[in-house]
Structure formats: structure tokens, C-alpha cells
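Take a look at the structure below.
To find a chain, count down the sequence lines: A is the first, B the second, and so on, and within it residues start at 1. The shown structure was predicted, so the numbers you read here are calculated from the model rather than taken from an experiment.
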2 protein chains.
Amino acid sequence: MGTAQRRPPLSRERVLAAAVALADRDGLDALTMRRLAQDLEVEAMSLYHHVANKEALLDGVVEVVVEEIVAATDVAGGPATGDDWRAGLRARILSAREVLLRHPWAPRVLETRTTLSPAVIGYYDGVLGILRAGGFSYDLAHHALHVLGSRTLGFVQELFEPDDPAGADADVTAMLEQLGGRFPHIVGMMAEVAHATEGTLGWCDDQFEFEFALDLILDGLEARRVGDRPRSDAPGNLDDRTT
Amino acid sequence: MGTAQRRPPLSRERVLAAAVALADRDGLDALTMRRLAQDLEVEAMSLYHHVANKEALLDGVVEVVVEEIVAATDVAGGPATGDDWRAGLRARILSAREVLLRHPWAPRVLETRTTLSPAVIGYYDGVLGILRAGGFSYDLAHHALHVLGSRTLGFVQELFEPDDPAGADADVTAMLEQLGGRFPHIVGMMAEVAHATEGTLGWCDDQFEFEFALDLILDGLEARRVGDRPRSDAPGNLDDRTT
DNA sequence: GGTGTAGTCGTACATCGTAAGGCCGTCAAC
DNA sequence: GTTGACGGCCTTACGATGTACGACTACACC
């Protein structure tokens, strides 16, 4: 007795919260059963009485993050009546993005889930509700979810995000100058764009790019909602599976 | 002599080719140094004379896949003069998608790369070339790359792709009926859309959705290229870092 | 008391990436 | 031919990981 026993009992909630905190602090690779147990002042095998295995732990972690998103978006996005669908959805997605910026590891684990949790289903149901209230047919709303993809949850897969922005910047610049002739367009773009956005760290203002893409997509959806004919060549469904 | 020595010597190319074949055959999880060595009739540590470590192996694997994409797109997409930029880019991206459909594990490893290989840089340079020839400013072309994201390379992160389409279909349907009241919009959508696309496996015709999204994005880029004012509220750069 | 039951722990195993050093065949120089 | 260096391959071993299995502990209820 004495100092002992001050440890609160384990629970699924405590395990998941500790897992999220550990990933926030030390990164996703640090989220191992042993280190998680250590944080909880417990042995690794004790965790298995609250989560079935590591996959289930990750499922739970996703659920926690998604619930955080839902809580944030409930504040931001009201019922969104009329053709306010665009503003409502935009606000919701930007709120989701804010949450994910606090958990930069979350997209990577989101993407590895094969089953969708009730929290995610509920979130998507809410998005569908916004679209329906805005006048979307179910068919178009369904396409809209595909178009938005992971952006719905507030992230895009940033391909090739450098580990260390400062160093990588210099390296890439040097490399490109060396390989100048081989990649004329990239070199040209960097010369022009990097100059213009001087002051932004690295190359791209991620927030601006996220909103630029989001607005472009919302514009496209609005055009299809009101029945504009798209300018492009016909979509051309290559393999016609519906016989 | 005799039956021995029929094994050709190892080389970086042979190692990478075997790695791709192994991932194609048994999935990404099966791609371990030991199993790869086994396929090559060699011990695991021998691989380290041709690749520095597993990360370098994955880098090489990515390079092989991207080169396959480049080869495929070189066939499909010619120089693309004039305002044919849209058709050229569309064809290129759909060719890339075809390659990635043969290597379903590739997106997952693509996303984990932190350094970009020359092959990838060259590919993006080509895409930039198409945009420039189509009349894009470097600034807008830069945004375009962000908007397209991983679609440029022919894939989108399909969130929650079920392992087994047939079984998951029944399960989800049953679950949704049970939770009917909680997710009215999703249930409504499934009732309508699933009925309409009967005959397509599972729920969504991935090829159609990919092209729908791609065309929506290309439409939006074209509108911005020719200087249409977007209909949306101003993008509203939230944090103005360029002082 | 006895007896279950749920939570925790200790041990052990298979598998992973890979560090360190040894073996062996090839080939240039003599 | 002999020798010595070297590059490619292998053996062994280490630490980390997820987790199966069984034992221990604490408390509820009879």
C-alpha cells in the first residue's frame, strides 16, 4: 500500500486515449503495445483485455479521432438550409482538417482500415445530409463522396512530404539545378513560384492549396447539381459492365 | 557443376523485379527480406549487397512501378499540342491508373516514400509540360498538381476498401438495416443507388467514379485557365503568412 | 470460508530488419 | 602455376515486435 494502487484501472477508453497521446507525442512508429503499456504503467499483455489485438487498437484510435472530428464539425456546421450546402460542407471539411493537423499520423492509419466504424458512417451520413438538403440527388451525392475522397475527412495524401522542410528545400534546389536540362518545366515552375511565395516555408502553402482544391471541387459539384453540361469530352465509361 | 550454378547472379534489377513480382503475387505484407531472398534462391543478407536496406528496396520498387507508368503513358499521350491539354492529361492519367490496377499494393508504398525518385520527378515534369503547352501559367499549373494529387499517378486512396466484396456487401446491408434510423441518408442512398447499378460488383463502379472525379477536376482547371471567375465564396487564405 | 470471474502479469515463441564477420570463387600480377 | 586481393554470398546473432498460454491476484457472491 502507501504509494501503490494510485493507478486507476485500465479501460478501453484509457487505452485508446493513451494511444492517441503516444502517437501525437512520438509518432506512429512509437505506438507499439509495449510502449503503450509502459505509458499506462502496465504490462503489454494487459492491454489485450481491452482491445482484441493491435488492429483493433488502431480501429479504436481511428474512432477516437473521428469522434473528435464530429465534435468539431458539429460546432462549425449547422443544419445548413437551402443552397448553403456549399458553405456548410466547406466549413465542415475545414474543421475536420484542423483536427487532423493536430494528429498528423491519423491519415496513415485511416487509410489502412478495412472496416468502417460507426463513427465514420455517422460522419458520412451527415455529409450526405448536407448534400441532400442542398438539392443533390442520391446519385450525384454518391459521386460527390467519391470525388471528395479523403478530403471529406479533412486530408489529402500529400505525396512525398519531406521529413525536414528546411534541409530538403536546399537539397532539392541544388539537385534540380544540377539536373537542370532534364526537367525544364519543374525548374521553371520552381523559379517562378518559389520566388512569388517567398516567406512561406518550403514550397507550398498547404492551407491555401487545400482550399483551392476544395473550392474547385465544390464548384464542379455545384455545376453538375444545377445541370450544367460539363465542357469535357464525354466521360466514356470504358468497360460497360451493366450489360 | 551438374545442376548447380544454374542460378544467375544477383543484381539490383533482379532483386527489384522479384520484389515487384512477390508483392503482386502475395501482397505487400509478404514482401520481407527473407521471403524475397527465398524467391531468388539466396539468403536474406545477400540482398544487402544490392540494396542498402528495406527502405531503399521500397524506393527501388517504386521506381520500377513509376517507370512502368512512364512507359505506358509515353505510348498513350503524345506531345498534346494546343488546347488538347485536357485530352492528353486525361489519357495519361488513365494509363497510369491501368498500371496501378496491376499493382494494387503500389499506392500504399508510394505514399510512404519521403524522397522523390528521378523517375517520379520526370513524370511530373511531363505533366507540367502538358499543362504549360495547354496555356497554364506556372502558378496555376502548380495548383493543378495539388488539386490532382495522387490522381496524377493514377490512383485515389479508396478509403475503407473492403477485403472481400461479396461478403462485405451482405454484412453492410444487414448492418445498415439494423441501424436504419441512425443513418437515414446513407440507407436512402444505398437503396436508390445500389438498385440502379445492380450488376456492378459491390457498390461502386470504381472506373466510372475515377473518371467522373477526374473530369470534374479537369473542368474546374479549364475554367480557371480561361479566367472564369469561380462561383464560390472567396478562397479566404486563413493565415496570411506572406506578411 | 469457498468459489468463480475479470483483470493483470511473466514467460515464451515466431517473425522481422539487419550488424558483424567468415567463406569462397574469380582474376590480375608475378 | 602461385599468390593475394576483392566482391558476392552466407552464417550467426541481436534486438524489436505482436501475441499465445498459463499463472497469479483481487474481489463478488454464496
Side-chain angles (χ1 to χ4, degrees), chain A residues 1-23 25-62 105 108-109 111-115 163, chain B residues 1-23 25-62 105 108-109 111-115 163:
Chain A
M1 321 110 189
T3 63
Q5 182 188 346
R6 74 188 175 290
R7 192 185 60 190
L10 233 44
S11 72
R12 180 180 154 85
E13 285 67 36
R14 255 169 54 73
V15 169
L16 296 184
V20 170
L22 175 55
R25 179 160 33 86
D26 296 339
L28 192 57
D29 289 346
L31 179 51
T32 72
M33 299 303 269
R34 284 176 227 264
R35 291 199 52 175
L36 176 56
Q38 201 176 337
D39 279 13
L40 289 162
E41 299 180 272
V42 147
E43 295 304 310
M45 287 312 293
S46 303
L47 303 174
Y48 284 84
H49 281 262
H50 300 96
V51 294
N53 49 36
K54 182 149 188 195
E55 280 300 290
L57 174 79
L58 294 178
D59 286 347
V61 162
V62 163
W105 44 269
R108 236 169 331 160
V109 32
E111 286 160 7
T112 62
R113 298 308 85 196
T114 60
T115 64
D163 286 334
Chain B
M1 333 93 194
T3 62
Q5 182 189 348
R6 74 190 174 288
R7 191 185 61 190
L10 233 44
S11 73
R12 181 179 154 85
E13 285 66 36
R14 254 169 57 74
V15 168
L16 297 183
V20 170
L22 175 55
R25 179 160 33 88
D26 296 338
L28 192 56
D29 289 345
L31 179 52
T32 72
M33 298 304 270
R34 285 177 226 262
R35 290 199 51 177
L36 176 57
Q38 202 175 339
D39 279 15
L40 290 161
E41 297 181 276
V42 147
E43 295 305 310
M45 287 312 292
S46 303
L47 303 174
Y48 285 84
H49 281 262
H50 301 96
V51 293
N53 50 35
K54 182 152 187 192
E55 280 300 291
L57 174 79
L58 294 178
D59 286 346
V61 162
V62 163
W105 46 268
R108 236 171 328 161
V109 33
E111 286 159 7
T112 62
R113 298 307 85 198
T114 61
T115 64
D163 286 335

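- A sub-4.0 Å separation between OP1 or OP2 of D:dC10 and a side-chain N or O of B:S46 is present.
- Distance B:L31 CG to C:dG17 P: 8 Å, rounded to the nearest Å.
- Among residues two or more places apart in sequence or in another chain, the salt bridge (charged side-chain N to carboxylate O under 4.0 Å, His left out) test is passed with A:E55 by A:R113.
- In this structure, of C:dG17, C:dG10, D:dT11, it is C:dG10 that holds the atom nearest to the side chain of A:E43.
- Side-chain contact between B:L58 and B:L31: present, with at least one pair of heavy atoms (C-beta onward) separated by less than 4.5 Å.
- Among A:V20, A:L47, A:V42, the single residue meeting the side-chain contact (heavy atoms from CB on, under 4.5 Å) criterion with A:V15 is A:L47.
- Look at A:D39 and A:R25 and you find a salt bridge, because one of the NZ, NE, NH1 or NH2 atoms lies within 4.0 Å of a carboxylate O, short of that distance.
- Protein atom CG of B:L28 is 14 Å distant from nucleotide atom C1' of C:dC16, rounded to whole Å.
- Computed from coordinates, the B:D29 CG to D:dG18 P distance equals 14 Å when rounded to whole Å.
- The distance from atom CG of B:L47 to atom P of C:dG17 is 10 Å, rounded to the nearest whole Å.
- Summarising the geometry, the separation between CD on B:Q38 and P on D:dC10 is reported as 13 Å, rounded to the nearest angstrom.
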Restricting to nitrogen or oxygen on both sides, can you table the protein-nucleotides 18-25 of chain C pairs closer than 3.5 Å?
residue, atom, partner, partner atom, Å
C:dT18, OP2, B:Y48, OH, 2.9
C:dT18, OP2, B:K54, N, 2.9

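- Checked against side chain to side chain contact (heavy atoms under 4.5 Å, CB included), A:T32 has the following partners two or more places apart in sequence or in another chain: A:R34, A:R35.
- We find the CH2-CG distance between B:W105 and B:D26 to be 12.5 Å, quoted to the nearest 0.5 Å.
- Note: CG (A:L36) to P (D:dT19) measures 13 Å, nearest angstrom.
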